[in-house]
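Here the structure is laid out as structure tokens; the discussion comes afterwards.
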Amino acid sequence: MGSEVVLTADHMPGMKNAKAKVVGVYATTTYAVNYTPTTGGAPVKDHKWVVQQEVKGAGGKRLADGTQVTLATDHMPGMDGAKATIAGSTTEPVYVVDYDMNGMTMKNHKWVVQDELRAAGS
């Protein structure tokens with residue numbers, strides 16, 4: 001918590017190489033998912049990331065790739081209640097970060113996994 005990092009993820013335009021501050025860190029299973037928004041529109045492929053607790057009825061066991069699930073989160077419009085398929089998963093630490101992107105500050109961005117950040121100055 002409080003560490004300064006550089007993001008190596010490119011989940012959103014302007015995110016890659018942005019300086020960030022870690023505001024939360026958790027140990028849980030984290031999933032990349034494919035889903036169709038409940039609000040309509042094109043299917044979303046390989047959305048990174050949704051944590052175990054954001055999958056309806058997931059329980060405590062890691063879900064296998066290909067498992068059909070219902071999302072219980074609102075990171076993006078149309079996610080909450082959307083039917084999804086697990087595209088991949090990891091059990092590495094997952095972070096919530098604050099970062100500046102394109103002249104705007106993103107607060108409490110969920111989620112970035114360990115492999116998607118590096119220490120600032122390295």
Notebook entry, point to check: Can you find a pair of side-chain heavy atoms, one from His75 and one from Lys110, that are under 4.5 Å apart?
Noted result: yes
Residue set satisfying side-chain contact (heavy atoms from CB on, under 4.5 Å) with Asp10, at least two apart, ordered chain then number -> Lys16
To the nearest 0.5 Å, atom CE of Met12 lies from atom NE2 of His109 at 6.5 Å
Taken in chain and number order and not counting sequence neighbours, the residues that satisfy side-chain contact (heavy atoms from CB on, under 4.5 Å) with Pro93 are Val25, Tyr95, Gln114
- Query: Do Asp80 and Lys56 come within less than 4.5 Å of each other through their side chains, counting heavy atoms only?
  - Reply: no
Closest non-hydrogen atoms of Thr36 and Gly41, given as atom of the first, atom of the second and distance, are CG2-O, 4.1 Å
Check your understanding: Are the side chains of Leu7 and Val112 in touch, meaning some heavy atoms are under 4.5 Å apart?
Key -> yes
On a heavy-atom basis, the closest approach of Glu92 and Asp115 is OE1-N, 2.8 Å
Closest non-hydrogen contact found for Ala64 with Ile86 is O-CB, 3.7 Å
Are Val113 and Val5 grouped together when hydrophobic residues (ILVMFWY) are joined by side-chain heavy atoms under 4.5 angstrom apart? no
Is any side-chain heavy atom of Val23 closer than 4.5 Å to one of Val97?
no
Minimal heavy-atom distance between Val44 and Pro37, with the atoms involved, is CG2-CG, 4.2 Å
Margin query: With no hydrogens and no angle check, just 3.5 Å: does a side-chain donor-acceptor pair link Trp111 and Glu116?
Written below: no
Could you go step by step and tell me if Val50 and Val55 meet the side-chain contact (heavy atoms from CB on, under 4.5 Å) rule? CA-CA 7 Å; Val50 175; Val55 176; 4.0 Å; yes
Are any non-hydrogen side-chain atoms of Val51 and Val94 less than 4.5 angstrom apart?
yes
Side chain to side chain donor-acceptor pair (under 3.5 Å) pairs touching residues 57-70, sequence neighbours excluded, are Arg62-Ser89, Gln68-Thr85, Thr70-Lys83
Please tabulate, for the side chains in residues 26-34, all donor-acceptor contacts under 3.5 angstrom to protein atoms that are two or more places apart in sequence or on a different chain.
from  : atom 1 : to    : atom 2 : distance (Å)
Thr28 : OG1    : Gln53 : OE1    : 3.0
Thr28 : OG1    : Gln53 : NE2    : 3.3
Tyr31 : OH     : Gln52 : OE1    : 2.5
Tyr31 : OH     : Leu63 : N      : 2.8
Asn34 : OD1    : Asp46 : N      : 2.6

Within one Ile-Leu-Val-Met-Phe-Trp-Tyr cluster: Met1 and Val96, side-chain cutoff 4.5 Å: no
Contacts of Lys107 meeting salt bridge (Lys or Arg N to Asp or Glu O under 4.0 Å) (sequence neighbours excluded), chain-then-number -> Asp98
Sorted by chain and residue number, the side-chain contact (heavy atoms from CB on, under 4.5 Å) partners of Met76 (sequence neighbours excluded) come out as Tyr35, His47, Met79
